[in-house]
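I have placed the structure first, in the form of structure tokens, so that the comments after it can refer back to it.
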Amino acid sequence: MAAADNNSNSNSNSHSHSNSNSNSSSKPKIVTGSAGYVLEDVPHLTDYIPHLPTSSNPLQDNPAYSVVKQYFVNVDDTVAQKIVVHKNCPRGTHFRRAGPRQRVYFESDDVHACIVTCGGLCPGLNTVIREIVCGLHHMYGVKKVLGIDGGYRGFYARNTVPLTPKVVNDIHKRGGTILGTSRGGHDTSKIVDSIQDRGINQVYIIGGDGTQKGASVIFEEIRRRGLKVAVAGIPKTIDNDIPVIDKSFGFDTAVEEAQRAINAAHVESESFENGIGVVKLMGRYSGFIAMHATLASRDVDCCLIPESPFYLEGPGGLFEFIEKRLRENGHMVLVIAEGAGQDLLSESIQSLDKQDASGNKLLQDVGLWISQKIKDHFSKQNKMVINLKYIDPTYMIRAIPSNASDNVYCTLLAQSAVHGAMAGYTGFTVGPVNGRHSYIPFYRIIEKQNKVVITDRMWARLLSSTNQPSFLSAKDVIEDKKEEELSTQMVDEMKYSVDNLEKKVISYTC
Ligand SMILES: Nc1ncnc2c1ncn2[C@@H]1O[C@H](COP(=O)(O)OP(=O)(O)O)[C@@H](O)[C@H]1O
Ligand SMILES: O=P(O)(O)OC[C@H]1O[C@](O)(COP(=O)(O)O)[C@@H](O)[C@@H]1O
Ligand SMILES: [Mg+2]
């Protein structure tokens, strides 16, 4: 059966904007079941192209997989977002489990896939590219895979690179992305025109929060034009700021590399009288890298992240703490995430309010700023002679190849994306939810940023390991907790009453 027979739109040069379905924009596909079960499903090509032919999955004849009992995922398998539950609480949100399906919606020979990488670098990008190419080739017999050069704008402004298992064979040993990447330059219609012109029918988009927003609008436009094109997102972020998924690829590698900078800061500070080592780590709005690097190292005396406000002067302030540590230990190490203390910076330095090409706010260098502030403080009052060393390993932690565990993780992400697209799913991001790989609708990935919750146990662990001040009064902590509880409760209540709110919802009883 030729799946591409139903794909006349995707091979047309006329940029048809007709829609085969009256539903022009996709609505969340929410399925409810008993006991407050909610499935936030992902779109499928058959939602807007009816009667698509299917064929059996070629993997069933592949000797490598045929020995694995139940290799195919049951169509009804879903993954729970919340696994800690109480006896009477609703079962909550679930996502479709990732993995190969018995039936596929593309014939191998008809697949023309493309891969693009966008946004900042991250360890593991090349591994994901490699495993998409090899997964398509070895598992599904797909021969036509195109690399888009230089991010989104490469769809219409740059050359493309044919990708084969041979071309990508050892790229996972290199940092960066062999395809190149960029910020800005997202023109949805031009991108979809290019997809249509080239006859591409599977689009793999690797990138962070900005990229996934772009992928979501590309999917909507493809759907509006009624094209048989599957759009799969693979979440990439060194900052670990993408919600829902357990963590992002490359994060472990980055945390590991950050240890080298922290070690250096520790050695330097220990070797000089009143030595202070300051390390700035990435993390625009989320302090995960700084928090995990601090927890892993045990040499850090104070960790400052964007989520936890702090102040410099007076009782309970940073200067007082530094002085105390120096008197106790003779040295100290301070780790600061790049987005921390930006409010303090803009008070003392004139804020320029500049943005990068993607519209991300360009931050002032908090590492330099805080180093100068500390130096000024101790010299002005003639308090103590200090020896401060500032280390900024910013790009060094992300421009490296991924470690072994991230390599395995990248393989699973790539294979999940390939299985999903072959099974006709579209408009989804792949990622582990409580350890199980899942297909997550774009809107859940882009609706907010993942941040360190300073009223959670992890931050408490950090505070107890460094014994640094929380820089919050007890009253602030209680208020923060209340706000967090209130918003979690509101989300739960909204989810539970979803079938009352949304009449268009497809509902069935398990
Ligand atoms: N809201 C948006 N809508 C469409 N495209 C976007 C949006 N935000 C960012 N993009 C595009 O996604 C790409 C990467 O975004 P960027 O923020 O630089 O990195 P990241 O995806 O890593 O967060 C850029 O090409 C940018 O133009
Ligand atoms: O200098 P660049 O390339 O814009 O990258 C710096 C930024 O990239 C990041 O690593 C994350 O960016 P992404 O959103 O692209 O993943 C930030 O931590 C940092 O501010
Ligand atoms: Mg981003």
Side-chain angles (χ1 to χ4, degrees), residues 116-123 125 150-154 157 175-177 180-187 206-215 217 235-243 248 250-251 254-255 257-258 261 278-291 293 303-312 318 334-374 390-400 445-452:
V116 64
T117 51
C118 313
L121 291 183
C122 184
L125 281 165
Y152 276 136
R153 65 165 63 101
T177 157
T181 183
S182 63
R183 298 194 188 273
H186 184 281
D187 183 326
I206 312 168
D209 52 345
T211 306
Q212 302 300 319
K213 283 179 194 151
V217 287
K236 171 248 42 155
T237 155
I238 197 75
D239 293 352
N240 198 33
D241 57 2
I242 293 189
S248 49
F251 175 72
V255 169
E257 187 65 13
V278 176
V279 179
K280 184 182 79 171
L281 293 172
M282 277 194 172
R284 207 182 258 141
Y285 302 111
S286 309
F288 288 102
I289 298 179
M291 177 171 79
C303 171
L304 301 171
I305 59 169
E307 295 88 337
S308 180
F310 64 93
Y311 55 96
L312 303 177
L318 184 65
L334 173 75
V335 164
I336 186 158
E338 64 176 330
Q342 289 292 318
D343 51 330
L344 300 178
L345 255 101
S346 49
E347 274 170 23
S348 59
I349 304 174
Q350 199 198 347
S351 175
L352 298 172
D353 243 356
K354 282 201 177 148
Q355 295 183 337
D356 69 15
S358 295
N360 301 304
K361 191 171 186 281
L362 285 176
L363 303 177
Q364 315 257 25
D365 191 331
V366 73
L368 274 179
W369 173 81
I370 204 145
S371 299
Q372 197 52 53
K373 282 280 174 191
I374 296 170
Y390 172 43
I391 300 180
D392 178 359
T394 303
Y395 293 102
M396 293 181 68
I397 67 166
R398 71 172 201 188
I400 50 172
I445 292 289
I446 61 183
E447 69 187 349
K448 61 173 186 176
Q449 276 176 324
N450 190 29
K451 289 189 188 248
V452 173

>> Walk me through whether Leu368 and Tyr390 qualify under side-chain contact (heavy atoms from CB on, under 4.5 Å).
In response: CA-CA 7 Å; Leu368 274 179; Tyr390 172 43; 3.8 Å; yes

> With distance as the sole test, does Ser308 use its side chain to make a donor-acceptor pair with the main-chain N or O of Ile305 at under 3.5 Å?
Replying inline: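 Flag not set: sc Ser308 to bb Ile305 has no pair under 3.5 Å.
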
> Is the backbone of Gln364 close enough, under 3.5 Å, to the side chain of Gln342 for a donor and an acceptor to pair up by distance?
Replying inline: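 The answer is yes, because a donor-acceptor pair under 3.5 Å joins these two groups.
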
Would you say the side chain of [Y] lies within less than 4.5 Å of the side chain of [X], judging by non-hydrogen atoms?
X	Y	value
Leu334	Ile374	yes
Glu257	Pro393	no
Cys122	Lys236	yes
Asn450	Asp239	no
Pro235	Thr237	no
Ile370	Val278	yes
Asp209	Ile446	no

>> Under the criterion side-chain contact (heavy atoms from CB on, under 4.5 Å), I'd like the reasoning laid out for Leu344 against Phe310: C-alpha separation, chi angles, the key distance, then a yes or no.
In response: CA-CA 9 Å; Leu344 300 178; Phe310 64 93; 3.7 Å; yes

Identify, with sequence neighbours excluded, every residue that meets side-chain contact (heavy atoms from CB on, under 4.5 Å) alongside [X].
X	result
Gln355	none
Tyr311	Phe471
Thr117	Leu125, Ile129, Thr177, Leu179, Thr181, Ile206
Ala258	Leu281, Ala293, Ile397

Going from [atom1] on [X] to [atom2] on [Y], what distance comes out if it is rounded to the nearest 0.5 angstrom?
X	Y	atom1	atom2	answer
Leu318	Lys373	CG	NZ	12.0 Å
Ile238	Arg398	CD1	CZ	7.5 Å
Glu447	Gln212	CD	CD	13.5 Å

Go through the structure and list residues passing side chain to side chain donor-acceptor pair (under 3.5 Å) with [X], not counting sequence neighbours.
X	value
Ser286	none
Tyr285	none
Glu338	none
Ser248	Asn240

> Step by step, would you call Thr211 with Tyr152 a side-chain contact (heavy atoms from CB on, under 4.5 Å)?
Replying inline: CA-CA 9 Å; Thr211 306; Tyr152 276 136; 3.5 Å; yes

> Could you walk me through whether Val279 and Ile336 pass the side-chain contact (heavy atoms from CB on, under 4.5 Å) check?
Replying inline: CA-CA 6 Å; Val279 179; Ile336 186 158; over 6 Å; no

> Under the ring-ring contact (aromatic ring centres under 6.0 Å, His included) test, which residues partner Phe288, sequence neighbours left out?
Replying inline: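 Residues passing ring-ring contact (aromatic ring centres under 6.0 Å, His included) with Phe288: none at all.
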
>> Taking Asp356 first and then Arg183, would you say they form a salt bridge - that is, a charged N and a carboxylate O separated by under 4.0 Å?
In response: yes

>> Taking salt bridge (charged side-chain N to carboxylate O under 4.0 Å, His left out) as the definition, give me every residue that meets it alongside Arg153, ordered by chain and number, with sequence neighbours left out.
In response: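 Scan of Arg153 (salt bridge (charged side-chain N to carboxylate O under 4.0 Å, His left out), adjacent residues dropped) gives none.
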
> Partners of Asp392 by salt bridge (charged side-chain N to carboxylate O under 4.0 Å, His left out), sequence neighbours excluded?
Replying inline: Lys280

